[in-house]
Amino acid sequence: MISPASTQTRVFVIEPQPLLARAICATLSAQPDVTIAGSAAFLDPGEVSTAAADIIVIDCDTDLGMLADIILQCRRRAPDVRICVLSMSLSADIMMQAISAGANGYIVKDITPEALVTSIRSLKHDGFYADPRLSSLMLKRGDKRGSDLSPRERDVARLIGQGLSNKEIGGRLALSDKTVKNHVANIFAKLNFTARTQVAIYALRNGLV
Amino acid sequence: MDSCETYLVTQPGFFAAYLVKTLRRAGLQILRLNERIDYEYVRKRAPQVIFWDPDYESAATADSVRKLRRCSPQSTICLYTSHVETEWARSCFTAGANAVLTKYASDTEIVAGIRVALRIGTYADYRIGDLPVTSA
């Protein structure tokens, strides 16, 4: 897990295209606060667990259908790792698929080197990142329904936006785990979301955080 | 090797910057980078090399290659693709492409492949399959 006090972010890259892998590693390793923990053409769960990465960057273009399984395998080996999906598509649908599969971030291959670095830093500090060109599209539905959230649900959404787990939210608001889960389920239903990352982006964009 | 004036067509961004460095190693001098093919530019400039990374590979790719060939008959046309499909590659060669390089190749292979295409006029990455062209 990324420690708030840690100054280094360890990134593991899963990218089958050698040139693209080198471009990612070269761009990130040029930053003083980023270390490349390793890279692989395909997922090797053993490598993921030994790399002790804070963030895994995964290319989803080769096999989008397997993305959920790949993310699940990464999380089994490194439960607290943040997963950033890399795609050539500026597509809200693919971004939704990635986030629903458990990704914490979504970036598009046409971003500048500076934006790539920003995305990694945002994943470290905020726990999520979505391409700004897509996050606004994704939130249109949520914005229309946001006023339906109860004050307590808005509190929970705000704390999700701060990257807290259900247990931590329960501690902050003096609620049981079960009650927090119910609030989270209600937020998902009201905003028509399927992932905490969407709630986090919603909270950020709507000034809750 | 003398530098070859090259028109690069690819998605801009951090990867394009790295790709340019690799192409320079192969002796290519990038004249211009566009996200989409500017046929008028190709017609006027007739670059020695056209290095094209198509967005979405399909039957239409061969049509675009044919159009490029008409615009600039002497250019060496290189396709850079993640689409490893023999028949698709064959259709591109038939349409006038000189080289099909895949994104699963290392930078050393890319450089070697471009040099082969420039030297003998044709190159296909071995991953694409059985094609009547030479691999580096």
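Convention: sequence-line order gives letters A, B, ...; per-chain numbering from 1.
Taking the side chain as every heavy atom from C-beta outward, B:Y104 and A:L19 never approach each other to under 4.5 Å. Annotation: side chain of A:I24 is in contact with side chain of B:F14 (closest heavy-atom distance under 4.5 Å). Side-chain contact check for B:D107 versus A:R22: some heavy-atom pair is nearer than 4.5 Å.
Contacts of A:L116 with chain B are made by side-chain atoms alone, with heavy-atom separations under 4.5 Å and no backbone atom involved. Contacts of B:A105 with chain A are made by backbone atoms alone, with heavy-atom separations under 4.5 Å and no side-chain atom involved. A:T112 touches chain B through its backbone: at least one of N, CA, C or O sits under 4.5 Å from a heavy atom, while the side chain does not.
Side-chain atoms of B:Q11 come within 3.5 Å of backbone atoms of A:M88 as a donor-acceptor pair (strictly under, hydrogens ignored).
Taking all atoms of both residues into account, the shortest heavy-atom contact from B:K103 to A:P18 is O-CD, 3.2 Å.
Summarising the geometry, atom CG belonging to A:L20 is positioned 10.5 Å from atom OH belonging to B:Y18; distances are rounded to the nearest 0.5 Å.
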